[in-house]
Amino acid sequence: MNTGLQLYNTLSRKKELFQPLNAPNVGMYVCGPTVYSDVHLGNCRTFISFDLIFRYLKYAGYKVRYVRNITDAGHLEGDRDEGDDKFAKRAKLEQLEPMEIVQKYTLGFHDVLRMFNTLPPSIEPTATGHIIEQIEMIKVIIANGYGYEVDGNVYFDVEKYSKEYNYTILTNRNLEDMLNNTRELGGQDEKRGRLDFALWIKAKPETLMQWQSPWGMGFPGWHIECSAMSAKYLGAEFDIHGGGMDLAATHHTNEIAQSEACSHKQPARYWMHTNMLTVNGTRMSKSAGNGFLPLELFTGDHPLLKKGFSPMTVKFFMLQAHYRSTLDFSNEALDASEKGFRRLMAAIGLLDKLTVSEQNDFDIDALKEKCIHAMNDDFNSPILIAELFEAVRIINTVYDGKGKISAEALEKLKQLVNDFVFDILGLKNEDAGGNDLNGVLDMVINLRTEAKANKDYATSDCIRIGLQELGIQLKDGKEGTTWSKA
């Protein structure tokens, strides 16, 4: 088992040696999507990042229980427990039942993640499927003195909690500054304190999604679901809790408070957060008009895009930045990633065509250690990718007859590529399985080879240039001609 993994812990604001509570078992909870609309790229980046983490932990020998929830109830528009329910508002807009909205966008979410070739989590619980667990947790929080009920609403008492625990431990914010930056409670506000948040919300007569509770008909607040479900499936204490950095200040801060108020234990040992997306240096957002959905990115059907990019190109682009770094989208950056991804896949396609030798010029074991070192350094995928391009260099050098590789070293190289490119990064060759295209191109390449043998260079060049115009790049080598997408 790999025991040298260092990961950045938002709690301590530094890298720490990963030491699971109950090795080799690892419990990981990641906040999933609120399924009232199409999943956006920021969500996708988070789930691709934690897919990488999930995959590497398994490669390192851990048995991982990966829990990622679906929020299908209780998420109001405002973080201060105000505004309309997101599901009810969308349901009215589309003239559907709220659970039709949930089904529609949950299926869409899964479809997009399949395109990105991510693994499904071990458990994918829903908020509506765990109303009982949320109610029971709220009961305990009230019994422990950290919650209070007012006319069917239940609130978390942040001031009471803050006297015994550090409410801002995750973000290191100053509690007094938070209070000063929060508007005064209005005369009609039922909350005791300005930072208090809802655990249970009283339903209005027209509310479509509501459940019976000890406090009357209502629905859970947004934050309680994750505390209840992480505790149910991973225990009061578990190893990793993850999500986007935008969740740290409110959602994750309140999760910690709820969990500690219930069990008197810090729920997760390691808190991990992915960074934001920008477009041409400006933060991506719907309001700025510079946000695009995954399918728009794939098709190129967006005014900011000059063309579409395949799911694997987009995933490769995301993995070329560290998960804690800002990721800036631009046509130029995506073009560069597309070329890099195709170069990687083209080289991998040559592996079975390499000629082995008694002599060996390459240290594959050393290359593997560098790849492991990159991933052990807080899942540093950009460094890993840089190391994998050393594998590309080795493959091309051998294929061009400028270096020699032994049968043993070649098998190690194939295993390294399979482990790190496919199993850990989760990439796949998008041309694989295109048997019809492969057959047609093999026939065309044979025609070109015959033309060259007959010294009909005009026809040979015509075929090569024609294929190039169609996006097919030919490469002549000692073992024959291969093709890849240009």
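Side-chain atoms are counted along with the backbone in the values below, which use heavy atoms only and exclude waters and symmetry mates. It should be emphasised that the depicted structure is a prediction, and the values quoted were computed from it without experimental measurement.
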Would you kindly say whether [X] and [Y] are connected by a side-chain donor-acceptor distance under 3.5 Å?
{"X": "Tyr233", "Y": "His130", "answer": "yes"}
{"X": "Thr128", "Y": "Asp72", "answer": "yes"}
{"X": "Asp51", "Y": "Ser49", "answer": "no"}
{"X": "Asp419", "Y": "Gln415", "answer": "yes"}
{"X": "Ser381", "Y": "Gln320", "answer": "no"}
{"X": "His373", "Y": "Asn376", "answer": "no"}
{"X": "Glu260", "Y": "Tyr146", "answer": "no"}
{"X": "Ser325", "Y": "Asn275", "answer": "no"}

Spacing of [X] atom [atom1] and [Y] atom [atom2] [to the nearest 0.5 Å]:
{"X": "Glu387", "Y": "Leu416", "atom1": "CD", "atom2": "CG", "answer": "10.0 Å"}
{"X": "Leu304", "Y": "Asn280", "atom1": "CG", "atom2": "CG", "answer": "7.0 Å"}
{"X": "Leu208", "Y": "Phe219", "atom1": "CG", "atom2": "CZ", "answer": "11.0 Å"}

Over-ring placement of [X] relative to [Y], 6.0 Å and 45° cut-offs:
{"X": "Arg68", "Y": "Phe47", "value": "yes"}
{"X": "Lys315", "Y": "Phe116", "value": "no"}
{"X": "Arg343", "Y": "Phe389", "value": "no"}
{"X": "Lys163", "Y": "Tyr161", "value": "no"}

Can you confirm whether [X] sits close enough to [Y] that some side-chain heavy atom of one is under 4.5 Å from a side-chain heavy atom of the other?
{"X": "Leu5", "Y": "Met375", "value": "no"}
{"X": "Ile256", "Y": "Tyr167", "value": "no"}
{"X": "Leu319", "Y": "Leu384", "value": "no"}
{"X": "Thr126", "Y": "Met229", "value": "no"}
{"X": "Asn331", "Y": "Leu305", "value": "yes"}

Between His251 and Phe197, does a ring-ring contact (aromatic ring centres under 6.0 Å, His included) hold up when you go through it step by step? CA-CA 10 Å; His251 184 53; Phe197 57 90; 9.8 Å; no
Can you check side-chain contact (heavy atoms from CB on, under 4.5 Å) on Ser122 and Val64, steps first, answer last? CA-CA 8 Å; Ser122 314; Val64 187; 5.7 Å; no
In terms of relative ring orientation, are [X] and [Y] parallel, tilted or perpendicular, with 30° and 60° separating the classes?
{"X": "Tyr148", "Y": "Tyr155", "answer": "tilted"}
{"X": "Phe50", "Y": "Tyr323", "answer": "tilted"}
{"X": "Trp271", "Y": "His273", "answer": "parallel"}

Is Lys307 salt-bridged to Glu338, cutoff N-O under 4.0 Å? yes
Checking Glu124 against Ile70 for the side-chain contact (heavy atoms from CB on, under 4.5 Å) test, could you report, in this order, the C-alpha distance in whole Å, the side-chain angles of both residues, the deciding distance, and whether it holds? CA-CA 7 Å; Glu124 193 173 53; Ile70 294 285; 3.7 Å; yes
Test side chain to side chain donor-acceptor pair (under 3.5 Å), reference Thr168, set Asn172, Thr171, Asn166, output is Asn166
Under the side-chain contact (heavy atoms from CB on, under 4.5 Å) test, residues paired with Pro20 that sit two or more places apart: Phe18, Ala23, Val26, Tyr62, Asp239
Side chain to side chain donor-acceptor pair (under 3.5 Å) evaluation trace for Thr46 with Thr274: CA-CA 6 Å; Thr46 294; Thr274 55; 2.7 Å; yes
Between Phe329 and Phe317 (judged by ring centroids, cut-off 6.0 Å), do the two rings come close enough to count as a pair? yes
Please step through salt bridge (charged side-chain N to carboxylate O under 4.0 Å, His left out) for the pair Lys202 and Asp151, ending with a clear verdict. CA-CA 8 Å; Lys202 181 180 180 180; Asp151 189 27; 3.4 Å; yes
